[in-house]
Amino acid sequence: MRQVAVLGATGSIGGSTLDVIARHPDRFRASVLVANRNTEALAALCERFRPDLAIIADPGMEADLARRLAAAGVRCEVASGAEAVTAAAAGPLCDTVVAAIVGAVGLDSTFAAARAGKRLLLANKESIVMGGALLLEALHQGGGDLIPVDSEHNAIFQCLPGGRPELARAGVRRLVLTASGGPFRGRTRAELGSITPDEACAHPKWSMGRKISVDSATLMNKGLEVIEAHHLFAAPVDRIEVVVHPQSLVHSMVDYVDGSMLAQLGNPDMRTAISCALAWPERIDAGVAPLDLAAHARLDFEKPDLDTFRCLALAFQALRAGGDATTILNAANEIAVDAFLAGTLPFLGIAELVERVLEELPAEPVVDVQTLVERDAAARRSARDVLHRAYC
């Protein structure tokens, strides 16, 4: 019986994880549930799953959560704040941690789970984008497992022998990440000048939170995944490619030196990757319908438009720059996306702001987690300054 901490329980990844857990009550138990501010949704999940610990990240909402749980007759420990989340990720109430807190705020808890030797189901890509080498070092020291939950990286994980081998010894020539192209595939820069947040969040295939949906629309999400693939699989940047695949049925591919290419296919449903990560190396029912290839009829692939969707090109640029350039990229993007969703930055301004910040803050060597946090804060200050100067 795996005891699972779901960090980000009320989000889309959290919901899919809990659905898989509910299908296998003899194998998994949701022992810790964490949410940001939504006490109503968290209390409802606690009433259903009866965890040992419920944490609300906002300390100001702890009393409300406790009240709701008492009213529902749920008896579990209640805590709040970032330190409580980090302690739970490393604590004795779980052996498996689903790191699904969006953004840099999930860094501490992800590292804590790695150091504590947990099975880490990584959905918080920002943690590895910011501090990939440090996270892998923490994982090595803790002796746990890291299994990616992003559909693309989970697909690569499944197509490699043994999950995460040394690529050269495994005969791997390149990793090929697929991208749906988002809601604006095929449009020109001129057609993207007046895009609204609601339009950017209307993804044609996946149901996701607003921040991730915007990242998908700009292709920054794919850029972050390129960086993630580099760290997860020790893949040189020139051995990682992106192709646009609008059907979202091929989730990624591995190209081998003998001319073989292995691909992982499936309906666009995160429960497939989550069930794989929870039960690995076994396979279990995830509640996902089997793929009907005849019904879909065709699979299309095309090169991404890096001139129109500059964020993907900027991610490759930051990865090649080395050091903490990817930390700067991620921080600037989070500020830019927040500003776009708030209506203070145009859609095309997201890439422009990120590029300006990368120019103003040259990359520095990655030393430790504290230095990364400081550089992340510096990049956010720079991004807000650029935003104020250029757009406000």
(Q) Give me each pair satisfying side chain to side chain donor-acceptor pair (under 3.5 Å) with a member in residues 42-53, each pair once, sequence neighbours excluded. (A) Arg29-Asp52
Indicate yes or no: at least one non-hydrogen side-chain atom of [X] is less than 4.5 angstrom from one of [Y].
| X | Y | result |
| --- | --- | --- |
| Ser180 | Ser216 | yes |
| Val244 | Phe309 | no |
| Leu265 | His251 | no |

[Y]/[X] salt bridge by N-O under 4.0 Å criterion:
| X | Y | value |
| --- | --- | --- |
| Glu225 | Lys222 | yes |
| Asp385 | Arg381 | no |
| Asp338 | Arg384 | no |
| Asp238 | Arg320 | yes |
| Arg389 | Glu360 | yes |

Distance from [X] atom [atom1] to [Y] atom [atom2], nearest 0.5 Å?
| X | Y | atom1 | atom2 | value |
| --- | --- | --- | --- | --- |
| Leu319 | Leu314 | CG | CG | 12.5 Å |
| Thr326 | Asn333 | OG1 | CG | 12.5 Å |
| Arg37 | Met61 | CZ | CE | 5.0 Å |

Donor-acceptor pairs under 3.5 angstrom involving side-chain atoms of residues 81-108: please list them, not counting sequence neighbours.
residue: Thr86; atom: OG1; partner: Ala82; partner atom: O; Å: 3.2
residue: Asp95; atom: OD1; partner: Arg2; partner atom: NH1; Å: 3.4
residue: Asp95; atom: OD1; partner: Gln3; partner atom: N; Å: 3.4
residue: Asp95; atom: OD2; partner: Gln3; partner atom: N; Å: 3.2
residue: Thr96; atom: OG1; partner: Arg2; partner atom: NH1; Å: 2.9

Donor-acceptor check, side chain of [X] to backbone of [Y], threshold 3.5 angstrom: yes or no?
| X | Y | answer |
| --- | --- | --- |
| Asp305 | Thr308 | yes |
| Glu62 | Pro59 | no |
| Glu228 | Ile128 | no |
| Arg115 | Gly142 | no |
| Asp58 | Gly60 | yes |

With distance as the sole criterion, is a donor-acceptor pair present between the side chains of [X] and [Y] under 3.5 Å?
| X | Y | value |
| --- | --- | --- |
| Ser16 | Arg271 | no |
| Asp64 | Thr39 | yes |
| Thr371 | Asp368 | yes |
| Ser260 | Asp258 | yes |

Who passes salt bridge (charged side-chain N to carboxylate O under 4.0 Å, His left out) against [X], sequence neighbours left out?
| X | result |
| --- | --- |
| Asp285 | none |
| Glu355 | Arg310 |
| Glu77 | none |
| Glu364 | Arg375 |

Q.
Once ring pair (Phe, Tyr, Trp, His ring centres under 6.0 Å) is applied, what residue pairs with a partner in residues 134-186 remain, sequence neighbours excluded?
A. Phe157-Trp280, Phe184-Phe347
(Q) Restricting to side-chain hydrogen bond (donor to acceptor under 3.5 Å, both in side chains), what partner residues turn up for Thr110, sequence neighbours left out? (A) Ser127
Q: Please identify each residue that fulfils side-chain hydrogen bond (donor to acceptor under 3.5 Å, both in side chains) with Gln317, with sequence neighbours left out.
A: none
(Q) Restricting to non-hydrogen atoms, name the atom on Val20 and the atom on Ala286 that form the minimum distance, rounded to 0.1 Å. (A) CG2-O, 4.3 Å
Q. If you look at every heavy atom in Ala30 and Leu18, which pair is closest and at what distance?
A. CB-CD2, 3.8 Å
Q: Applying ring pair (Phe, Tyr, Trp, His ring centres under 6.0 Å), name anything that partners His245, two or more places apart in sequence or on another chain.
A: Phe301
Q | Partners meeting ring pair (Phe, Tyr, Trp, His ring centres under 6.0 Å) with Phe233 (sequence neighbours left out) | A | none
(Q) List the residues meeting side-chain contact (heavy atoms from CB on, under 4.5 Å) with Ala332, not counting sequence neighbours, and say none if there are none. (A) Leu353, Val354, Val357, Ala383
